[in-house]
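By convention in this document, chain letters (A, B, ...) are assigned in the order of the sequence lines, proteins followed by strands, and residues within each chain are numbered from 1.
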Protein chains: 2
Amino acid sequence: MSASKREDLVRNALKSFNRGGFHALGMDRLAKETGVSKTAIYKHFRTKEDLILAVLRLRDEQFRNWMVRRVEALAQSPREQLLAVFDTLGEWFDEPEFRSCMFIKASSEYQDHSHPVHAAAAEHKRLLNQYLNRLAGAAGAEAPEMLARQLMLLMEGAIVLAHLHAPGTIAADARAAAAALMDQQGL
Amino acid sequence: MSASKREDLVRNALKSFNRGGFHALGMDRLAKETGVSKTAIYKHFRTKEDLILAVLRLRDEQFRNWMVRRVEALAQSPREQLLAVFDTLGEWFDEPEFRSCMFIKASSEYQDHSHPVHAAAAEHKRLLNQYLNRLAGAAGAEAPEMLARQLMLLMEGAIVLAHLHAPGTIAADARAAAAALMDQQGL
DNA sequence: TCGTGCATTGACAGAACGGTCAATGTTTTT
DNA sequence: AAAAACATTGACCGTTCTGTCAATGCACGA
């Protein structure tokens, strides 16, 4: 039962950290919100930072799995899938629990590049870039790395602006921009 | 002298908050770093939040002034100026003190849209959007609002990724993407 | 039935948090 | 020179922070 308890804790902590910030949410309130006493939490994780890292690992897996699945459900060809990425973003933005990207927030609160939390955030984005890179290559882009980096720009920008203002047409704007960039690469 | 003392305080606080986060940096350390005692700070600002709002007001003015000036120095025609925006971003990213955008970080730490700090961040981005909008209109874009929103996506994305990874080619990638989007609008 | 081991707990420690206040300079006015 | 006005300070308040620990409950094997 210990493993599943731990997973439950991380899953609940994910939700709590998503609402409050990392520094803003203390361990006492976290204990209350997860229903796990502080001492029990510290049995599983040596420090708050370790717990945050576990939360980010779960979130990385969760988010990338979800995105790949949704994209594959929405479109078949690599070209269409690249566009579908922005449709999935739109779905995400419209969720009532949407509160920006946990990794962008993490890198905002842990600015030092050598900090493990910052490194975890960077790694997550690197993996997303890799995914777009693969799609761009399969779609036959002339410069797949460049296209992937540019689509990453649109994606991160969309996340930030959807959180700052209301979601509105942001995902659609990003999708249209992505289409234009793909056009330019002969897709 | 009171007015200038206050301005000094805000200017120094701006630097300090830029290094540490908003929640992460306490008032005691802030007092030490600014050289102004805590009591003196609270003479000028009722709460920490008020000080943060003053810092953000200064940063908004500072940043937008700097960007407009640099852009006008780098290019004359509206079309060239739109591209020059991304050159100025590149200059910013390469500064050793670059630590992402203060407003993105603010909206990360103050997620509630009704929170004054979040609102200040949203307003800053709205003003930047307005600036791009004006340039896009002057350049003769077919859909200037749309183009401005898309360039905002590239800009915010570039800031986030330049902070997460190293600056690298990010500003150049964003500039190339902007050129493609402007092409599409007949510019 | 009695231990043995493990999970859980409330209370606590020491430091740091935002914010306040009486006391002490330091000007400025008369 | 005396006094009124202002600026600044270190010490302090109650709370909350991360992290700890002795005590308790509880399952399970002998």
Side-chain angles (χ1 to χ4, degrees), chain A residues 1-57 102 105-106 108-112 115-118 120, chain B residues 1-57 102 105-106 108-112 115-118 120:
Chain A
M1 281 301 152
S2 178
S4 117
K5 278 263 180 181
R6 187 190 152 113
E7 281 169 29
D8 283 355
L9 169 59
V10 174
R11 206 160 26 240
N12 286 333
L14 172 54
K15 280 184 198 159
S16 289
F17 277 125
N18 206 36
R19 291 188 216 293
F22 292 103
H23 285 101
L25 178 60
M27 294 301 280
D28 290 273
R29 219 172 83 207
L30 189 82
K32 253 172 207 130
E33 291 186 14
T34 58
V36 180
S37 84
K38 216 165 37 146
T39 314
I41 295 179
Y42 277 98
K43 214 67 164 193
H44 291 293
F45 300 97
R46 264 183 46 263
T47 63
K48 182 186 187 181
E49 186 185 307
D50 280 0
L51 171 58
I52 290 174
L53 287 173
V55 164
L56 291 181
R57 268 191 296 273
M102 184 159 251
K105 292 187 292 186
S108 290
E109 296 205 46
Y110 301 88
Q111 302 194 51
D112 189 352
H115 194 291
V117 170
H118 188 105
Chain B
M1 284 301 152
S2 177
S4 117
K5 279 263 182 183
R6 186 188 151 114
E7 280 169 30
D8 283 356
L9 168 59
V10 175
R11 205 161 27 241
N12 286 333
L14 172 54
K15 279 183 199 161
S16 288
F17 277 125
N18 206 36
R19 291 188 214 293
F22 292 103
H23 285 100
L25 178 58
M27 293 301 281
D28 291 272
R29 218 172 84 206
L30 188 82
K32 253 172 207 129
E33 292 186 13
T34 58
V36 180
S37 83
K38 214 160 44 143
T39 315
I41 295 179
Y42 277 98
K43 213 70 166 188
H44 291 293
F45 300 98
R46 265 184 45 262
T47 62
K48 182 185 187 181
E49 185 184 308
D50 280 1
L51 171 58
I52 290 173
L53 287 172
V55 164
L56 291 181
R57 267 190 297 275
M102 184 159 251
K105 291 187 289 186
S108 290
E109 295 205 45
Y110 301 88
Q111 302 194 51
D112 189 352
H115 194 291
V117 170
H118 188 105

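To the nearest angstrom, C1' of D:dT20 lies 14 Å from CZ of A:Arg46. Note: CG (A:Leu30) to C1' (D:dG19) measures 14 Å, nearest angstrom. If you measure from atom NZ of A:Lys48 to atom C1' of D:dT16, you get 11 Å, rounded to the nearest angstrom. Between the CE atom of B:Met27 and the P atom of D:dC17 there is a distance of 18 Å, rounded to whole Å. Here D:dT18 presents its P atom at 13 Å from CZ of A:Phe22, a figure rounded to the nearest Å. Put simply, NE2 on B:His23 is 14 Å from P on D:dT16, counting in whole angstrom units. When the P atom of C:dG18 is taken as reference, atom CD1 of B:Ile52 falls 9 Å away, rounded to whole Å. For the pair B:Phe45 CZ and D:dT8 P, the computed distance is 13 Å after rounding to whole Å.
Comparing C:dC12, D:dT8, C:dT8 by their nearest atom to the side chain of A:Ala40 picks out C:dT8. With distances taken from any side-chain atom of B:Tyr42 to the nucleotides C:dT20, C:dT8, D:dT18, the minimum falls on C:dT20. If you check C:dT8, C:dG19, D:dT18 against the side chain of B:Lys38, the one that comes closest is C:dG19.
Each of A:Leu25 and B:Ser37 has a nearest nucleotide on DNA chain D; the 5'-most of these lies closest to B:Ser37.
The base of C:dG10 sits within donor-acceptor range of the side chain of A:Thr39, with an N or O pair under 3.5 Å.
In this structure, OH in B:Tyr42 is found 3.5 Å from CE in B:Met27, a value given to the nearest 0.5 Å. From B:Glu33, atom CD reaches atom CZ of B:Phe17 across 9.5 Å, with rounding to the nearest 0.5 Å. Rounding to the nearest 0.5 angstrom, the gap separating the NE2 atom in A:His118 from the CG atom in A:Leu56 is 12.0 Å. Atom NE2 in A:His44 sits 10.5 Å away from atom CG in A:Leu51 (nearest 0.5 Å). Here A:Glu109 contributes atom CD and A:Ile52 contributes atom CD1; the two are 8.0 Å apart, rounded to the nearest 0.5 Å.
At the phosphate of D:dA7, neither OP1 nor OP2 sits under 4.0 Å from any side-chain N or O atom of B:Lys43.
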